[in-house]
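To start, the structure under review is shown below, and the notes come after it.
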There are 2 protein chains.
Amino acid sequence: MSTEIKASQARGRPRCFNLEEALDRSLLLFWQKGFQNTSLDEIAEAVGVKKPSLYAAFGDKEMLFRKVLLRYSGKLSEPVQALDRYDDIREAINAFIELGITSGCSHGHPRGCLLASAFADSTLLPPNLAKEIKALINQADQAVAQRLKKAVRDGQLPADFDVKGAAKFLITLMHGVALRIRAGESRTDLQRIKKAALRCLG
Amino acid sequence: MSTEIKASQARGRPRCFNLEEALDRSLLLFWQKGFQNTSLDEIAEAVGVKKPSLYAAFGDKEMLFRKVLLRYSGKLSEPVQALDRYDDIREAINAFIELGITSGCSHGHPRGCLLASAFADSTLLPPNLAKEIKALINQADQAVAQRLKKAVRDGQLPADFDVKGAAKFLITLMHGVALRIRAGESRTDLQRIKKAALRCLG
DNA sequence: CTAATTATTTACTAATGAGTACAGAAATTA
DNA sequence: TAATTTCTGTACTCATTAGTAAATAATTAG
């Protein structure tokens with residue numbers, strides 16, 4: 001009952017496309033145009049295969065998106081991981097925001113953040129998808145909260161610091177930033193937003 | 001050549017529905033389901049009229065949405081206007097965020113902010129619509145910047161304070177907040193986000 | 001009353017897109 | 001080689017939706 005993706009090396013006709021590659025191409029399309037506005041016809045063409053092959057491999061559109069989302073949230077963790085690379089919490093948060101901006105603006109994929117965009121549209125998506133998206137957002141909130149909690153333990157933040165509130169604040173801000181990035185906001189203006197945000201802990 | 005909306009009291013068969021009311025109903029639907037996911041069939045039904053009447057009255061879907069957006073941005077200004085109701089900049093910003101939360105959560109309309117949601121999807125919309133949305137966001141940025149500039153003049157903020165960056169920061173944050181509201185975030189958690197944000201100027 | 005004007009409805013078109021039935025192709029096993 | 005398994009493409013179905021053509025209804029001007 002697990003939704004495993006395996007290179008079934010068993011018998012029968014072998015698959016003529018790579019599953020991981022197909023997910024990557026789907027990711028780019030979903031990222032660029034969202035769940036609703038990406039058609040399976042498009043994806044099939046991008047993957048170089050016909051629609052029924054996709055259905056056979058991934059189920060329906062929702063299941064495909066779910067797999068893409070999981071794949072994405074693996075890579076996504078970059079900025080959150082950066083939080084743990086600095087002992088000083090301000091440096092850590094600076095790196096967190098910086099990496100969010102950098103990765104959101106970097107080339108080789110659409111601008112912005114697939115998860116933030118999906119979150120924005122979550123009320124329009126199939127309920128199960130919406131739940132999964134919210135769960136991923138929640139994970140992000142909690143990962144940031146963990147790091148802030150450590151900063152409190154380390155005496156870098158006051159003992160009564162609202163860790164959960166601050167974590168949600170940071171993730172919320174980055175959602176807004178992701179929308180700006182997607183809409184084409186300039187790097188320099190994004191930097192200014194970052195600096196303004198950093199006053200919150202300075 | 002202006003896109004005026006007048007109760008043409010001239011001759012010919014009189015219109016059997018109210019234009020403003022039609023815009024209000026359209027607003028609620030677009031707000032709830034976005035531009036792409038709201039069909040003119042739905043709107044026609046909500047207005048109590050057939051599709052061609054809408055086309056005759058408003059042009060096409062894009063023009064209708066444009067008019068809805070203008071109508072909305074009138075009401076939207078509430079939080080921005082609140083900025084001018086307080087002499088102290090911190091109180092002003094507190095009220096700004098508070099009103100954003102309150103109005104985004106209030107009943108009688110969908111949760112969140114039509115403009116923020118539209119902004120999130122702006123890359124998917126017809127180019128002219130996207131431009132108009134960005135222009136409205138820009139207006140908001142500048143309105144906040146104006147108020148911050150005054151605070152600098154009043155000596156409530158340091159002379160080298162980055163007014164434009166802080167303004168963009170606040171609007172960006174509220175976009176993130178609007179997404180959270182839309183996704184069902186609790187009032188108490190939103191308050192905690194607000195308090196975390198207020199540290200930026202405290 | 002007649003003509004002109006404007007709004008409304010019925011009934012379409014054309015395009016798009018999710019999902020599927022089915023037959024054929026490519027491999028493994030016996 | 002024959003049987004079995006699994007994947008692939010062709011060719012659909014069915015639903016939705018933006019937009020329109022054309023006939024009709026309601027009003028004013030003369």
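Here is the naming used below: chain letters follow the sequence lines, and residue numbers restart at 1 for every chain. Values reported hereafter were calculated over all heavy atoms of this structure, with side chains retained and with hydrogens, waters and symmetry mates removed.
- At least one side-chain heavy atom of Leu114(A) sits under 4.5 Å from a side-chain heavy atom of Val68(A).
- Contact of the Arg66(A) side chain with the Leu69(A) side chain is not registered, since no non-hydrogen atoms from C-beta on lie closer than 4.5 Å.
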Please set out all donor-acceptor pairs under 3.5 angstrom arising from side-chain atoms of residues 164-171 of chain B, sequence neighbours excluded.
{"from": "Lys168(B)", "atom 1": "NZ", "to": "Glu185(A)", "atom 2": "OE2", "distance (Å)": "2.8"}
{"from": "Lys168(B)", "atom 1": "NZ", "to": "Asp141(B)", "atom 2": "OD2", "distance (Å)": "3.2"}

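- No side-chain heavy atom of Leu179(B) sits less than 4.5 Å from a side-chain heavy atom of Thr172(A).
- Considering only heavy atoms from C-beta on, Pro126(A) comes within 4.5 Å of Phe35(A) through its side chain.
- If you check residues 43-52 of chain B against DNA chain D, the residues with a heavy atom closer than 4.0 Å are Lys51(B), Pro52(B), listed by number.
- Rounded to whole angstrom, the span from the CE atom of Met63(B) across to the C1' atom of dG19(D) amounts to 12 Å.
- The environment of CD in Gln191(B) is crowded: more than 12 heavy-atom neighbours from other residues, nucleotides or ligands sit within 6.0 Å.
- Side-chain contact check for Asp154(A) versus Ile89(A): every heavy-atom pair is 4.5 Å or farther apart.
- Counting only heavy atoms from C-beta outward, the side chains of Lys150(A) and Arg153(A) approach each other to under 4.5 Å.
- Sequence neighbours left out, the pairs with a member in residues 112-128 of chain B that pass side-chain hydrogen bond (donor to acceptor under 3.5 Å, both in side chains) are Arg182(A)-Thr123(B).
- Scanning residues 117-132 of chain B for heavy-atom distances under 4.0 Å to DNA chain D yields an empty list.
- Between the side chains of Thr38(A) and Glu42(A), not a single donor N or O lies within less than 3.5 Å of an accepting N or O.
- Computed from coordinates, the Tyr55(A) OH to dT10(D) C1' distance equals 16 Å when rounded to whole Å.
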Could you list the protein-to-nucleotides 23-30 of chain C atom pairs, N/O on both sides, closer than 3.5 Å?
{"from": "dA25(C)", "atom 1": "N3", "to": "Arg13(A)", "atom 2": "NH1", "distance (Å)": "3.3"}

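- Two residues are said to be in side-chain contact when any heavy atoms from C-beta on lie closer than 4.5 Å; Gln32(B) and His109(B) fail this criterion.
- In this structure, NZ of Lys61(A) is placed 15 Å from P of dT16(C), rounded to the nearest angstrom.
- Near-neighbour residues of DNA chain C inside residues 30-42 of chain A, defined by a heavy atom below 4.0 Å, number-ordered: Thr38(A), Ser39(A), Leu40(A), Asp41(A).
- Spacing between atom CZ of Arg15(A) and atom P of dT5(D) amounts to 18 Å, rounded to whole angstrom units.
- At least one donor-acceptor pair under 3.5 Å links the side chain of Gln156(A) to the backbone N or O of Asp87(A).
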Yes or no on salt bridge (charged side-chain N to carboxylate O under 4.0 Å, His left out) for Arg199(A) and Asp162(B), after CA distance, side-chain angles and deciding distance? CA-CA 11 Å; Arg199(A) 294 173 62 100; Asp162(B) 180 9; over 6 Å; no
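- Across the protein-nucleic acid pair, Phe58(A) atom CZ and dA18(C) atom C1' stand 17 Å apart, rounded to whole Å.
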